[in-house]
**Student:** 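Take a look at this one; I'll ask things after.
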Amino acid sequence: MLSNQAGDGKRSSLHGHWSSRMAFILAVTGSAVGLGNIWKFPYIAGQNGGGAFVLVYLACVIFIGMPVMMSEILIGRRGRRNPIATMTLLGKEEGSSGNWGWVGSMGVVAGILILSYYSVIAGWTLAYIVKSATGAFVGGTPAEVGAQFGGFVGDWRQVGLTHTIFMALTVFVVARGVERGLEQAVRFMVPALLVLMLVLLVYSINSGYFGQGVAFMFTPDFDKLTWNSVLAALGQAFFTLSIGMGAIMAYGAYLPEETSITGASAAVVSADTAIAILAGLAIFPLVFANGLEPGDGPGLVFNTLPLAFGQMSGGIFFSTIFFVLLSFAAWTSAIGLMEPAVAWLVEKHNRSRAQAAVIVGLLIWAIGFGSVLSFNVLADVKFLAGTIFDNVDYLTSNIMLPLGGLLIAVFAGWVMCRNSTSDELGTAGNVFKTWRLLARFVAPLGILFVLLNAVGLLDWIRSLAS
Ligand code: PHE
């Protein structure tokens with residue numbers, strides 16, 4: 001194979017390699033599939049009016065997400081270090097500059113910020129395991145289920161406690177470096193999650209409001225689409241695929257030479273998108289059947305799915321399993337969010353993995369209290385994008401990840417020479433040409449255009465011109 005022969009003296013990673021191609025795909029899928037698909041996608045789609053947003057999101061996934069993911073993996077595999085060191089090294093090696101390392105640094109910061117609130121929401125899912133198992137939702141009305149949610153997030157001590165538990169679980173896994181065990185977990189979790197989503201889908205189809213849900217998700221009304229919604233769709237594409245911040249780059253560093261980057265990316269992107277769409281199809285009919293608001297915000301999943309479970313026979317069982325799986329999915333994603341920071345501390349500052357995990361974990365845990373309090377004590381403290389949680393989310397998903405993705409695409413498309421990238425992708429044929437076209441032009445220009453429009457810069461220029 002091409003990728004084996006070319007480029008002598010290939011590097012190898014300090015942290016070892018994935019045991020197989022499947023192991024890598026499972027790890028990346030584990031990172032991609034998470035709260036982003038089931039918690040975030042439906043509520044963001046709801047807030048942005050459905051149809052048109054979903055279409056833009058799908059376009060972003062295919063034309064921007066896919067090439068950026070491939071770029072990240074190939075950069076990671078070529079450098080075989082943490083994202084900062086890899087970008088610094090390759091920047092110099094490709095005759096540009098070591099300053100590219102700053103892209104890696106931004107990713108480390110983004111990962112820390114994202115996990116700070118991700119862990120809070122993951123804590124909600126932990127709490128919902130207990131609520132489900134104790135039958136809190138059985139026969140619940142929309143008002144009762146809503147009150148359960150409000151009562152829980154309104155109490156900062158409960159939210160803080162579950163956030164703490166989730167962070168502890170994450171640090172535990174990262175410290176021990178037991179990704180092997182997680183491979184096994186993902187192998188079982190993703191299919192199981194798919195099956196449960198199908199169970200929910202059947203329920204939704206029977207709710208009598210399925211058509212309305214489908215129409216909401218797929219009938220585009222482009223008049224309703226603002227540039228901010230387009231940016232939200234772009235940000236969601238990055239968030240859900242775990243790209244733009246080095247998580248996938250860090251995983252790519254452990255990828256064996258012979259694995260096909262294109263094949264692996266396609267598998268992950270398809271699985272991730274399928275789960276998000278399924279979640280939407282299960283949730284929106286319930287929203288309409290129960291007279292709820294699609295634009296209700298972060299509580300959407302927690303206010304809808306328990307209603308369905310509460311009425312199903314075997315609902316306690318299904319509901320408990322569902323929130324267990326969702327917590328697992330969040331757990332495997334959280335590990336990816338921490339990996340760049342931890343790998344960096346280990347390599348650069350000679351910390352043991354355990355020490356690094358604890359240091360990073362404590363930092364993230366503390367920052368997380370900004371989001372814990374955003375739903376109760378500080379719920380009325382609003383600035384820029386809203387609460388502290390809203391701001392951290394907006395800054396990371398809508399600005400840092402797209403910006404990181406833009407720079408990563410430019411790096412792979414323009415800074416790295418043609419031979420280095422075709423060597424990593426293992427081909428110089430049509431797949432390579434398509435990737436290169438997307439990475440050089442479509443992704444960077446697309447991201448730039450959306451970012452500039454969302455901040456109103458293009459409008460402003462237009463107004464100057466007229
Ligand atoms: N993709 C994950 C999800 O959908 C979140 C994530 C973002 C994980 C960035 C790692 C890096 O839940």
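One-based numbering, in listed order, for ligands and for the atoms of each.
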**Student:** So which atom in Leu292 and which in Asn303 form the shortest heavy-atom distance, rounded to 0.1 Å?
**Tutor:**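 It is CD1-O, 3.9 Å.
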**Student:** Within ligand 1, which atoms have a heavy atom of Ser31 less than 4.0 Å away?
**Tutor:**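 It comes down to these atoms of ligand 1: 1 (N), 2 (C), 8 (C), 10 (C).
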**Student:** May I ask you to check if ligand 1 and Ala32 share an N or O to N or O distance below 3.5 Å?
**Tutor:**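 Yes: some nitrogen or oxygen of Ala32 is under 3.5 Å from one in ligand 1.
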**Student:** Please write down residue, atom name and distance for the protein heavy atom closest to atom 11 (C) of ligand 1.
**Tutor:**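 The answer is Leu337 CD2, 3.3 Å.
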**Student:** Nearest heavy-atom pair of Val68 and Ala409: which atoms, and what distance?
**Tutor:**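 That closest heavy-atom pairing would be CG2-CB, 4.3 Å.
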**Student:** How does Met245 reach ligand 1, by side chain, by backbone, by both or by neither, if only non-hydrogen atoms under 4.0 Å count?
**Tutor:**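 Just the side chain.
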**Student:** Assess the pair Phe441 and Trp414: is the distance between their ring centroids shorter than 6.0 Å?
**Tutor:**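 Ring centroids of Phe441 and Trp414 are less than 6.0 Å from each other.
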**Student:** Taking the six-membered ring for Trp, are Phe323 and Trp124 closer than 6.0 Å centroid to centroid?
**Tutor:**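 They do not qualify: ring centres at least 6.0 Å apart.
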**Student:** Can a donor-acceptor pair be found between the side chains of Thr262 and Ser265 at a distance below 3.5 Å?
**Tutor:**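 No donor-acceptor contact under 3.5 Å links the two side chains.
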**Student:** May I ask you to list the atoms of ligand 1 that are less than 4.0 angstrom from any heavy atom of Gly34?
**Tutor:**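 The list of qualifying atoms is 3 (C), 4 (O), 12 (O).
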**Student:** How far is atom 12 (O) of ligand 1 from its nearest protein heavy atom, and which residue and atom is that?
**Tutor:**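 Residue, atom and distance for the closest contact: Tyr118 OH, 2.5 Å.
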**Student:** Which ligand 1 atoms, with their elements, are less than 4.0 angstrom from a heavy-atom of Leu35?
**Tutor:**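 Near Leu35, meaning under 4.0 Å from one of its heavy atoms, ligand 1 has 12 (O).
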**Student:** For Ala412, is there any backbone N or O sitting under 3.5 Å from a side-chain donor or acceptor partner on Ser71?
**Tutor:**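 It does not hold such a pair.
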**Student:** Could you check atom 7 (C) of ligand 1 against the protein and tell me its nearest heavy-atom contact, residue, atom and distance included?
**Tutor:**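 Checked against all protein heavy atoms, atom 7 (C) of ligand 1 sits closest to Phe239 O, 3.4 Å.
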**Student:** Give the single entry among Ser242, Ala110, Gly36 that approaches atom 10 (C) of ligand 1 most closely by any heavy atom.
**Tutor:**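 The residue whose heavy atom sits nearest atom 10 (C) of ligand 1 is Ser242.
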**Student:** Phe302 and Phe149: aromatic ring centres closer than 6.0 Å?
**Tutor:**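 That pair passes the under 6.0 Å test.
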